[in-house]
Amino acid sequence: MAKNVDKLLELLAQAYPEARTELQFRSPFELLVATILSAQTTDRQVNRVTPLLFQHYPTPYALAAADPEDVAKDIAGVGLNRTKARYLVAAARKLVSDFGGSVPDSLDSLLTLPGVGRKTAKVVLANAFSRPALAVDTHVFRVARRLGLSQGRTPEEVERDLEAKIPSTHWIVTHHRLIQHGRRVCRARNPRCGECPLATECTAFLQKTQPKAGRKVENNLA
DNA sequence: ATCCCGAGGG
DNA sequence: CCCTCTGGAT
């Protein structure tokens, strides 16, 4: 079993050698903002709006003083922009009031910020503070389960399994590799198993192509 | 048409 | 557990 995990991680590394965040940022504050924006949107869309946004609001203090409606205009083009604009201003105010105007580097503190949930907090920890963190989003959840890395029913359970099976030094890069694989190949619907470099080690693929006798073939990998 | 590199609130 | 926010991608 551990052998299988090693093989999967090796194949993942070969397929996505330089996986990393595509978000553009120069400080923990910028990454926090970009990560909050990235929910339900592509990094590409986020990177399109952040330069002007950071020009207008370069610090938590500037953003805390902003009108959410003005912020919403700057981030038009990313989904959920009004909701996110409210989160951003509220989070900036909390940074100022509770954290001396800087981004905290602990999970519990990050989770107190409006608009910051477990996934966002872990992405900030990993990419802004180089802390081992394995954020389980929808892609990681689905891909990890298909590959057989976890049978967890909740993101927390999958997170626990992955953290147990993967050395902490590899959490960040593995997170990004699983996401890229989930987007490009191991899609939610119509996964491209035919071009998947992990197929030979994939639990879901093996069950699909070699179904147990007397059992109906699942046409949907899940 | 349907779905997201989510989170807050009912 | 469900819904909503909101716009681009497939």
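The sequence lines fix the lettering, A, B, ..., with proteins before strands; numbering per chain opens at 1. The basis for the numbers below is simple: all heavy atoms, side chains too, and nothing from hydrogens, waters or symmetry mates.
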Novice: Which of the following nucleotides, dA7(B), dC4(B), dT10(C), is nearest to the side chain of Arg187(A)?
Specialist: dT10(C)
Novice: Once you round it to whole Å, what is the distance between C1' of dC3(C) and CD of Gln40(A)?
Specialist: 13 Å
Novice: Using atom NZ of Lys84(A) as one end and atom C1' of dG8(B) as the other, report the distance to the nearest whole Å.
Specialist: 14 Å
Novice: Need one value for Leu37(A): base, sugar-phosphate or nothing, where a base atom within 4.0 Å counts as base even if backbone is also close, heavy atoms only.
Specialist: nothing
Novice: In whole Å, I'd like the distance from the CD1 atom of Ile75(A) to the P atom of dC5(C).
Specialist: 16 Å
Novice: Can you tell me how far C1' of dC4(B) sits from CD1 of Ile179(A), to the nearest Å?
Specialist: 12 Å
Novice: Please report, rounded to the nearest Å, how far the P atom of dG6(B) is from the CZ atom of Arg142(A).
Specialist: 11 Å
Novice: Rounding to a whole Å, what distance do you find between Glu156(A):CD and dG6(B):P?
Specialist: 15 Å
Novice: Please check the phosphate of dC4(B) (OP1 and OP2 only) for any side-chain N or O of Arg183(A) closer than 4.0 Å.
Specialist: no
Novice: Do you know which of Leu31(A), Leu32(A), Val124(A), Asn47(A) makes side chain to side chain contact (heavy atoms under 4.5 Å, CB included) with Phe25(A)?
Specialist: Leu31(A)
Novice: Using whole Å, what does the distance between atom C1' of nucleotide dG8(C) and atom CG of Asn47(A) come to?
Specialist: 15 Å
Novice: Using a cut-off of less than 4.0 Å, is there contact between a side-chain N or O of Asn81(A) and OP1 or OP2 of dG7(C)?
Specialist: yes
Novice: With a cut-off of less than 4.0 Å, is there a side-chain N or O of Ser38(A) near OP1 or OP2 of dG6(B)?
Specialist: no
